[in-house]
Amino acid sequence: YPVSSKLVSRLVSLSTANFNTHPFFPQIDCGSRVNGKWEEERYTDGVKWKFLEHKGPVFAPPYEPIPSNVKFYYDGETLHRCAYHVRLSVCQGLSDNTNEMTSEERAKITDLKKCDFTEMSEYFKAQSEARKSMSKEDKQVKNERILQEYGFCIMDNHKERIANFRIEPPGLFRGRGDHPKMGMLKRRIRPEDIIINCSKDSKVPEPPRGTKWKEVRHDNKVTWLVSWTENIQGSIKYIMLNPSSRIKGEKDWQKYETARRLKKCVDHIRAQYRDDWKSKEMRIRQRAVALYFIDKLALRAGNEKEEGETADTVGCCSLRVEHIKLYPENEGQEYVVEFDFLGKDSIRYYNKVPVEKRVFKNLQLFMENKEPDDDLFDRLNTSILNKHLQELMDGLTAKVFRTYNASITLQQQLKELTTGDNIPAKILSYNRANRAVAILCNHQRAPPKTFEKSMQNLQSKIDAKRDQLADAKRELKSAKADAKVRKDEKSKKAVESKKKAVQRVEEQLMKLEVQATDREENKQIALGTSKLNYLDPRISVAWCKKWGIPVEKIYNKTQREKFAWAIDMADDDYEF
DNA sequence: TAATAGACTTAGAATGATATAA
DNA sequence: TTATATCATTCTAAGTCTATTA
């Protein structure tokens with residue numbers, strides 16, 4: 001499908017290339033041309049498609065009853081009624097009464113510590129092992145069949161891959177960080193919960209035998225195919241298309257074009273907010289300082305959140321007094337602000353940054369007479385900030401700064417860092433540039449469980465290679481000595497081949513050392529998120545072309561599919 | 001104006017597949 | 001051939017931002 005979609009796209013010739021059009025994303029004439037104005041219609045009235053057909057979702061497999069010989073003990077006593085949902089309920093039952101235990105069980109089971117899940121845990125482990133050892137073909141064939149049947153849809157003449165066509169199975173809710181709803185039972189989704197979205201003239205997907213959809217609608221102002229309401233937060237979940245699809249790719253492209261427009265006016269915006277630090281109005285000063293943080297530190301906007309519903313995390317506008325500390329002087333630097341707070345996914349943001357004196361004074365002012373849990377920016381929220389940004393540039397919102405700063409940083413770092421005469425060295429340079437962005441955006445990961453061990457393994461490989469190099473050098477030396485004495489062709493040739501051997505081993509050693517450096521520097525940093533969501537892929541494609549690096553070295557298959565538009569568009573001289 | 005609903009992007013961890021070492 | 005390491009894919013939570021409603 002990606003190939004055919006691309007080919008079709010290329011076959012459509014487009015005469016009026018303007019800001020919103022590119023041969024890769026041609027306007028599709030879907031039949032409702034009015035006075036030859038279908039292009040405008042498509043982009044101004046929010047229509048996302050004219051035709052949409054799909055097979056609906058794949059439901060979670062039914063519960064498999066646990067065999068009765070697998071027992072669950074409470075306080076040493078065997079409880080016989082121990083179906084899957086009871087096990088789940090036990091975990092949440094201690095904090096939540098709306099569970100599925102009988103009142104008898106609820107009265108009895110009060111202490112998680114007295115629960116003995118050993119046998120059940122072992123049973124599940126065995127099950128998982130059994131699944132693993134299931135013959136490869138069986139698994140693949142089965143998956144492939146489901147994928148072929150449910151994994152694609154037709155949207156406006158293109159067969160597109162669906163991202164998440166399987167409904168989330170029931171289970172324990174696993175929130176991130178200190179989540180108040182951790183462990184609650186996420187209930188099973190049935191056909192009666194499902195809203196189907198498709199076009200009127202398409203074949204409506206059949207619900208499973210004996211069931212009905214909650215609703216079938218035909219809303220072409222949205223991109224989702226299926227939705228349902230989840231019971232933990234009461235929010236809506238969607239089935240949507242894969243990143244390789246036209247509808248996602250075009251949006252992605254637009255995102256980077258918006259960021260590039262910001263590049264053109266960012267100097268003006270910076271001058272403006274610096275000026276606003278002096279404003280008579282508190283709300284304007286707060287807005288200006290917050291925007292400075294968003295720009296300089298790539299902080300997220302920071303919407304308000306309902307207390308008690310989610311983990312306590314913040315972004316820029318929702319920072320509280322307790323999240324920053326001010327140091328008039330710190331380690332030889334003036335006006336240092338220390339940030340320490342939990343951001344998205346409860347990932348800690350810790351940073352000490354020197355700021356302009358005016359910012360520092362403003363922060364002192366904002367913090368005056370406040371408690372630690374008061375809002376730092378009490379006259380500001382994301383809606384106020386974004387309204388202001390919208391006035392500065394069409395389509396500008398807080399998150400555009402993250403995209404802009406990430407991409408411009410990659411471009412500038414690539415310029416600065418690209419060194420080395422071989423491909424591995426250049427790729428290390430690329431990874432370092434990528435890493436600079438990941439650090440800016442605070443993309444962290446837990447160090448892999450096997451990190452220490454794999455580092456040790458690599459180190460012993462390096463040691464072995466060093467020994468090998470020493471041997472090779474020794475052999476070269478003796479070959480040279482030999483050649484000096486003998487002075488014949490054969491010994492000269494031997495010297496040459498030993499020289500080559502040394503060179504080869506040196507190269508191998510260097511490669512390993514580069515690998516070790518790269519891995520060590522990457523221990524707690526996640527590169528994937530910025531690569532996938534923040535870095536204009538055309539920068540990377542251009543870099544590959546410029547330095548003769550195969551794009552496969554930077555983007556794997558999935559990523560190349562997602563960024564097909566960029567691979568198609570960018571030449572070696574592309575400038576973000 | 002503020003709260004809420006809705007739609008869509010961004011996020012790290014878990015899981016699965018594949019490559020590599022033993 | 002098997003065990004382990006690495007890489008890719010899947011999963012779904014958690015954000016942002018806009019539209020709608022009160």
Side-chain angles (χ1 to χ4, degrees), chain A residues 46 48 60 128 131-132 134 136 139-140 143 147 151 163-169 171 173-177 179 181-182 186 195 197 219 221-224 227 229-230 232-243 247-248 251-252 254-255 294 299-306 309-311 313-318 342-347 381-387 389-390 395-403 406 438 441-446 448-451 453-458 460-461 515 519 524-534 555-559 561-562:
Chain A
K48 305 285 170 51
S128 136
R131 228 173 309 127
K132 241 188 247 168
M134 212 172 115
K136 220 189 250 170
K139 262 190 296 189
Q140 275 182 343
N143 273 335
L147 174 69
N164 54 324
F165 54 89
R166 287 171 205 274
I167 300 274
E168 296 168 21
F173 174 76
R174 301 182 60 149
R176 309 271 172 86
H179 200 295
K181 303 199 171 179
M182 176 72 90
K186 204 167 85 161
I195 302 174
N197 192 33
D219 182 355
K221 304 271 174 82
V222 297
T223 67
W224 54 267
S227 76
T229 302
E230 148 274 341
I232 305 291
Q233 326 264 2
S235 65
I236 308 171
K237 300 261 185 163
Y238 303 94
I239 292 182
M240 291 186 187
L241 297 193
N242 201 58
I247 208 154
K248 294 288 184 190
K251 198 84 188 295
D252 208 32
Q254 267 181 31
K255 174 180 79 184
I294 284 171
L299 299 191
R300 296 188 184 84
N303 284 311
E304 293 113 301
K305 302 168 77 186
E306 213 175 331
E309 293 291 303
T310 57
T313 63
V314 297
C316 185
C317 293
S318 50
L342 297 182
K344 181 176 180 179
D345 289 311
S346 295
I347 297 289
N381 60 41
T382 55
S383 152
I384 294 170
L385 179 65
N386 280 335
K387 275 201 187 96
L389 293 175
Q390 185 57 237
L396 186 61
T397 62
K399 79 196 266 287
V400 179
F401 281 87
R402 250 167 102 80
T403 312
C441 295
N442 199 42
H443 291 143
Q444 298 187 33
R445 60 168 184 177
K449 275 181 211 107
T450 53
F451 184 85
K453 208 177 144 204
S454 87
M455 217 53 212
Q456 269 172 20
N457 287 347
L458 192 54
S460 47
K461 261 196 207 167
Q515 205 185 342
R519 197 182 296 176
Q524 297 194 61
I525 298 168
L527 299 185
T529 303
S530 51
K531 203 175 191 177
L532 241 45
N533 301 300
Y534 288 101
Y555 292 133
N556 68 30
K557 185 169 137 283
T558 317
Q559 294 164 339
E561 281 167 14
K562 167 167 177 167

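Below, chain A is the first sequence line, B the second, and so on; all start at residue 1.
Residues A/Arg166 and A/Asn556 each lie close to DNA chain C; by heavy-atom proximity, the contact nearer the 5' end of the strand is made by A/Asn556. Between A/Glu168 and A/Thr382, the one whose closest nucleotide on DNA chain C sits nearer the 5' end is A/Glu168.
With sequence neighbours left out, the salt bridge (Lys or Arg N to Asp or Glu O under 4.0 Å) criterion links A/Lys248 to no other residue. Remark: A/Phe165 engages no residue in a ring pair (Phe, Tyr, Trp, His ring centres under 6.0 Å) (not counting sequence neighbours). A/Glu304 is linked by a salt bridge (Lys or Arg N to Asp or Glu O under 4.0 Å) to nothing, counting only residues two or more places apart in sequence or in another chain. Not counting sequence neighbours, the partners of A/Arg176 by the salt bridge (Lys or Arg N to Asp or Glu O under 4.0 Å) test are A/Asp345. Applying the side chain to side chain contact (heavy atoms under 4.5 Å, CB included) criterion to A/Lys237, with sequence neighbours excluded, gives A/Glu168, A/Trp228, A/Glu230.
Using a 4.0 Å heavy-atom cutoff across all strands shown, A/Gly343 reaches sugar-phosphate atoms only and no base atom. Residue A/Pro243 is out of contact with every strand shown, counting any heavy-atom pair closer than 4.0 Å. Heavy atoms of A/Lys181 sit nowhere under 4.0 angstrom from any nucleic acid atom.
Within the structure, every side-chain polar atom (N or O) of A/Asn164 is placed at least 4.0 Å from both OP1 and OP2 of C/dC11. OP1 or OP2 of C/dA14 has not a single side-chain nitrogen or oxygen of A/Thr313 nearer than 4.0 Å. Contact check, A/Lys237 against C/dC11: no side-chain N or O comes under 4.0 Å of OP1 or OP2. When the side-chain nitrogen and oxygen atoms of A/Lys557 are compared with OP1 and OP2 of C/dA8, none of them lie within a distance under 4.0 Å. Dashed line: the shortest gap from a side-chain N or O of A/Thr223 to OP1 or OP2 of B/dC8 is under 4.0 Å.
Spacing between atom NZ of A/Lys305 and atom P of C/dA13 amounts to 14 Å, rounded to whole angstrom units. Rounded to a whole Å, the NE2 atom of A/His179 is 9 Å from the P atom of C/dA13. The nearest whole Å value for the distance from the CD atom in A/Glu304 to the C1' atom in C/dT16 is 13 Å. Computed from coordinates, the A/Lys221 NZ to B/dC8 P distance equals 12 Å when rounded to whole Å. Spacing between atom CG of A/Asn381 and atom P of C/dT16 amounts to 12 Å, rounded to whole angstrom units. One can place CZ of A/Phe165 at 12 Å from C1' of C/dC11, the figure rounded to the nearest angstrom. One can place CG of A/Asn197 at 13 Å from C1' of B/dG6, the figure rounded to the nearest angstrom. Taking atom CD1 on A/Ile167 and atom P on C/dT10, their separation rounds to 17 Å, with Å as the unit.
Listed nucleotides C/dA13, B/dA7, C/dC17 differ in distance to A/Trp224; the shortest reach to its side chain belongs to B/dA7.
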Legend entry - Per-nucleotide protein contact string for nucleotides 9-14 of chain B (B base, S sugar-phosphate only, - none; heavy atom under 4.0 Å): SBSBSS
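Smallest separation of non-hydrogen atoms from A/Ile294 and A/Arg300: CG1-O, 4.4 Å. When all heavy atoms of A/Lys181 and A/Phe173 are compared, the pair lying nearest together is O-CD2, 3.3 Å.
Side-chain contact between A/Val400 and A/Leu389 is absent, with no heavy atoms from C-beta onward closer than 4.5 Å.
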